[in-house]
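One is the number of the first residue; the rest follow in order along the sequence.
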Amino acid sequence: MRLTIYWSTKDESIRARIRKRFCIPCGMTVNKETKADIRDEDMELLREEERRGFIQIRFKKR
C-alpha cells in the first residue's frame, strides 16, 4: 500500500528503527514526510507506531 509517513518524533534512533522494520526509504521532505510502500500485513504494526505518537499516516493522491 502506497502512503506518506509524517515523522512526529525528532529522535533519529526511533526513526531508524521504524525505517528498518518497515523497509521505509531514508530521507524525508522539508515537511518531514516520506513516501513508502507498506505491505498489507504490516499495516496494523504501523498503526501502533502511529498510536504511540511517533508518526502520522497520510493517504495522499499521487
Determine, using the 4.5 Å side-chain heavy-atom cutoff (strictly less than), whether Tyr6 and Ile57 are members of one ILVMFWY cluster. no
Could you measure the distance from the NZ atom of Lys35 to the CG atom of Leu3? Nearest 0.5 Å is fine. 11.5 Å
Measuring from Ile18:CD1 to Arg52:CZ, what's the distance to the nearest 0.5 Å? 9.0 Å
Report, one line per pair, each donor and acceptor closer than 3.5 Å where one atom sits in a side chain of residues 39-46; sequence neighbours left out.
from: Arg39; atom 1: NE; to: Asp42; atom 2: OD2; distance (Å): 3.2
from: Arg39; atom 1: NH2; to: Asp42; atom 2: OD2; distance (Å): 3.1
from: Glu44; atom 1: OE2; to: Arg51; atom 2: NH2; distance (Å): 3.1

Any Phe59 side-chain heavy atom under 4.5 Å of Arg2 side chain: no
Within the distance-only criterion (no hydrogens, no angle test), does the side chain of Glu49 pair as donor or acceptor with the backbone N or O of Phe54 below 3.5 angstrom? no
Going through the distances and angles, do Arg19 and Glu12 end up as a salt bridge (charged side-chain N to carboxylate O under 4.0 Å, His left out)? CA-CA 10 Å; Arg19 279 189 181 112; Glu12 186 56 41; 3.3 Å; yes
Listed pairs under 3.5 Å, donor-acceptor, residues 23-34 side chains, sequence neighbours left out:
from: Thr29; atom 1: OG1; to: Asn31; atom 2: N; distance (Å): 3.2
from: Thr29; atom 1: OG1; to: Glu33; atom 2: N; distance (Å): 3.3
from: Glu33; atom 1: OE1; to: Lys60; atom 2: NZ; distance (Å): 2.9
from: Glu33; atom 1: OE2; to: Arg58; atom 2: NH1; distance (Å): 2.6
from: Glu33; atom 1: OE2; to: Lys60; atom 2: NZ; distance (Å): 2.9
from: Thr34; atom 1: OG1; to: Trp7; atom 2: NE1; distance (Å): 2.8
from: Thr34; atom 1: OG1; to: Gly27; atom 2: O; distance (Å): 2.9

